[in-house]
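As the structure is a prediction and not an experimental result, all values here were calculated from the model.
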Amino acid sequence: MAKHIFVTGGVASSLGKGLTASSLGRLLKCRGLRVTMQKLDPYINFDPGTMNPFQHGEVFVTDDGGESDLDLGHYERFVDVALHRDSNATTGSIYTTVLAKERRGDYLGATVQVIPHITDEIKERIRRLATDDVDVVITEIGGTVGDIEILPFLEAIRQFRKDVGRENVFYIHVTLVPFIGPSGEQKTKPTQHSVTELRSRGIQPDAIVCRSDRPISTRLKEKISKLCDVPEEGIVSAIDTPNIYEIPLVLHDEGLDAYIGRVLGFPAGEAELGPWRNLVSRVERSTTEVRIGLVGKYVNLPDAYLSVVEALKHGGYASGAKVIIDWIASEDAEGLLAEGRLHDLDGIVVPGGFGVRGVEGKIAAVTYAREHKVPFLGLCLGLQCAVIEYSRNVVGLAGANSSEFDHATPHPVIDLMDDQREVENKGGTMRLGAYPAVLRPDTIVREAYDTEVVYERHRHRYEFNPRYRRRLEENGLRCSGTSPDDRLVEFVELSRSEHPFFVATQAHPEFKSRPNRAHPLFRDLVKAALARAESRTPRLPLADDDEEGVPLPAPEPVG
């Protein structure tokens, strides 16, 4: 039978429940256990697909087309297991299922209530993941203990221990231990109150992960242990780290995985952390700075592009580079060029998005990247912007645009396919999840992937219009990857003789990048950006005994 670990949080949001759960998943996997993960979100939306990125951050997409919470991205990056639709459930999806059952008569006329019907459905979502090929299911409960919308989830996981046996369930509570400057003390009272609130719901935590900016002393651990009725070995100090991939090592050094193993009866043995320590060491050694401009309309909330940022960092780790993200708002198209906003960039990424706002700024960024030979990667809408830009400025199709942004455009180089248009008229849907693409030989993308067929995840409606494909290819834009039936264009690029690295894809490759296995497109983008950065760095003349020049110091900033 699979074991279950539930992660809750208290005191404040954004304490790092998702990273704690992800790091624990990595530790257990390093102990040879088969791990899967799940996020239960109390918000009423059916899924995050229609939520504003400014409020919720990015929408993570699974292989089977599930639109999911961004924490699933952390889960996949840490545990390196492909998740699916059942790995994320919301209050909205749970109530929708319960109401559908009620309409079908599944409850035989009974009064439908939170207990047992809603809680039973929550437990059913948890059980779905406990398959025969899984040893541990880690379930994170979104929100904070004390929120009114979280109550059914807490009740469900309280009941779950009784359902599957106490020896098969472990509760972890993540809290805050703040440092109060004037008194020079760390305070445990917020943790005490949070655990009291959790216990009032019938859940006694087995471990408390204490988030803080500095280590928690043994004396404070003893105090928390005594007041919260948790063994001292279950009080874990989780301090801030320079990078998120150090967190598993912090938790391991605190003994969390060993303690959980003893409580749940996992086989004894040490975690094989050598490869992960090598990764962290590689991150620490990645110090050569490259500046990548991320041109988007949600840049005021970096979580809106979380997977893109992580994929860029992964690309840096592969080349020993430290990627510095330059967040560039795309609303001011003319300002991007007139003010020299893009001048000092070593690479440019135009990510996905919906709606017309900021599109002209993204197109302007593509123009700059193409004309100034700046390494460029377009993602989803980024491909569409690259096609529009090339159509206008190279092919000479005045007014070329996407029919999503301009229904009256004389050249809809981006448009709905005929069958998509029919579906759209009936209510509409998107191309979601993993789709195959065949890569043409002798292309940048074929060289990057080193294989003929790739599967990448999608989240979009509009496509490269095949009616313009020949005309654009005759003018130098290479359609380097297409669907197996050659109907949909999945990748475009410029040849290396024209540009050092100019690639765009209709997909979201960022979702499949891993810290120890950078996605090929991000790896090669950063590699090209690093070459540009090094070529732009003036170097001192060689001394007689020097093997290579020494970079000149960077000029002092003006103003």
Side-chain angles (χ1 to χ4, degrees), residues 2-29 33 35-43 68-79 81 83 87-90 122-123 125-126 129-130 134-147 149-161 164 168-177 191 194-195 197-199 201-211 228 230 234-238 244 247-248 250-252 254-257 259-261 263-264 266:
K3 307 288 186 176
H4 292 267
I5 298 173
F6 295 102
V7 180
T8 58
V11 183
S13 60
S14 301
L15 282 182
K17 294 194 307 298
L19 287 171
T20 299
S22 302
S23 299
L24 178 58
R26 165 50 59 176
L27 289 175
L28 296 180
K29 187 171 182 180
L33 297 169
V35 180
T36 192
M37 303 190 66
Q38 179 182 46
K39 176 74 179 289
L40 300 180
D41 271 309
Y43 55 75
S68 305
D69 182 83
L70 59 81
D71 273 317
L72 268 69
H74 286 312
Y75 301 165
E76 287 204 1
R77 286 186 285 272
F78 276 75
V79 184
V81 172
L83 302 178
S87 302
N88 191 203
T90 69
I122 294 171
K123 290 188 291 183
R125 301 297 180 99
I126 299 168
L129 272 69
V134 169
D135 297 316
V136 187
V137 179
I138 301 176
T139 301
E140 176 193 350
I141 310 299
T144 305
V145 170
D147 296 343
E149 61 265 28
I150 204 177
L151 297 180
F153 294 90
L154 296 180
E155 173 61 20
I157 66 172
R158 182 196 69 79
Q159 295 177 13
F160 204 82
R161 171 172 268 183
V164 301
N168 295 316
V169 172
F170 192 98
Y171 298 116
I172 297 176
H173 193 53
V174 182
T175 69
L176 177 68
V177 178
T191 293
S194 181
V195 172
E197 179 70 26
L198 183 65
R199 293 169 71 180
R201 302 300 170 189
I203 298 174
Q204 169 63 45
D206 299 293
I208 301 173
V209 174
C210 303
R211 291 284 293 108
C228 296
V230 173
I235 309 300
V236 176
S237 174
I244 61 175
I247 299 175
V250 170
L251 298 183
H252 175 74
E254 287 286 301
L256 179 60
D257 54 317
Y259 171 55
I260 291 174
V263 173
L264 292 180
F266 294 142

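Scanning both residues, Pro205 and His173, for their nearest heavy atoms gives CB-CB, 4.1 Å. Across all their heavy atoms, Val7 and Ala21 have their closest contact at CG2-CB, 4.1 Å. Residues Gly10 and Leu15 approach most closely at O-CD1, 3.1 Å, considering heavy atoms.
Annotation: side chain of Pro42 is not in contact with side chain of Asp147 (no heavy-atom distance under 4.5 Å). No side-chain heavy atom of Ile122 sits less than 4.5 Å from a side-chain heavy atom of Phe160. Taking the side chain as every heavy atom from C-beta outward, Tyr75 and Asp71 approach each other to under 4.5 Å. Residues Lys3 and Leu33 fail the side-chain proximity criterion, which asks for heavy atoms closer than 4.5 Å. A heavy-atom distance below 4.5 Å is found between the side chains of Lys29 and Val81. Two residues are said to be in side-chain contact when any heavy atoms from C-beta on lie closer than 4.5 Å; Glu76 and Ser22 fail this criterion. Within the 4.5 Å cutoff, side-chain heavy atoms of Ile5 are placed close to those of Leu28. Counting heavy atoms from C-beta on, the side chains of Leu264 and His4 never come closer than 4.5 Å.
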Start with the C-alpha distance between Phe266 and Asp257, add both sets of side-chain angles, then the distance that settles side chain to side chain contact (heavy atoms under 4.5 Å, CB included), and finish with yes or no.
-> CA-CA 10 Å; Phe266 294 142; Asp257 54 317; over 6 Å; no

Evaluate the side chain to side chain contact (heavy atoms under 4.5 Å, CB included) criterion for residues Ile138 and Val79: first the C-alpha distance (whole Å), next the side-chain angles of each, then the deciding distance (0.1 Å), finally the verdict.
-> CA-CA 11 Å; Ile138 301 176; Val79 184; over 6 Å; no

Under the side chain to side chain contact (heavy atoms under 4.5 Å, CB included) rule, what do Leu27 and Leu251 come out as? Steps first, then yes or no, please.
-> CA-CA 9 Å; Leu27 289 175; Leu251 298 183; 3.9 Å; yes

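If you take OH on Tyr171 and CG on Leu198, they are separated by 9.0 Å, rounding to the nearest 0.5 Å. To the nearest 0.5 Å, atom CD of residue Glu140 and atom OG1 of residue Thr20 are 8.5 Å apart. In this structure, CG on Leu40 lies 9.0 Å from CZ on Arg125, to the nearest 0.5 angstrom. With rounding to the nearest 0.5 Å, the separation of CG in Leu19 from CZ in Arg26 is 14.0 Å. Taking OG from Ser87 and CG from Asp69, the interatomic distance works out to 11.5 Å, rounded to the nearest 0.5 Å. Considering OG of Ser23 and NE2 of His74, their distance stands at 9.5 Å, rounded to 0.5 Å.
Between Tyr259 and Phe170, the gap from one ring centroid to the other is short of 6.0 Å.
Put simply, the side chain of Glu254 gets close to the backbone of Ser237: a donor and an acceptor are under 3.5 Å apart. A donor-acceptor pair is defined here as one N or O able to donate and one able to accept, closer than 3.5 Å; such a pair exists between the side chain of Asn168 and the backbone of Val164. Counting only distance, with no hydrogens or angles, the side chain of Gln204 and the backbone of Val195 share no donor-acceptor pair below 3.5 Å.
Thr8 pairs in a side-chain contact (heavy atoms from CB on, under 4.5 Å) with only one of the listed residues (Leu154, Ile172, Thr175), which is Leu154. With Lys39 as the partner, the side-chain contact (heavy atoms from CB on, under 4.5 Å) test is satisfied by one option alone out of Ile141, Leu83, Asn88, Leu70: Asn88. Applying side-chain contact (heavy atoms from CB on, under 4.5 Å) to Ile203 and the options Glu155, Arg158, Arg161 leaves one that passes, Arg158.
For Gln38 and Thr139, the side-chain atoms include at least one donor-acceptor pair closer than 3.5 Å.
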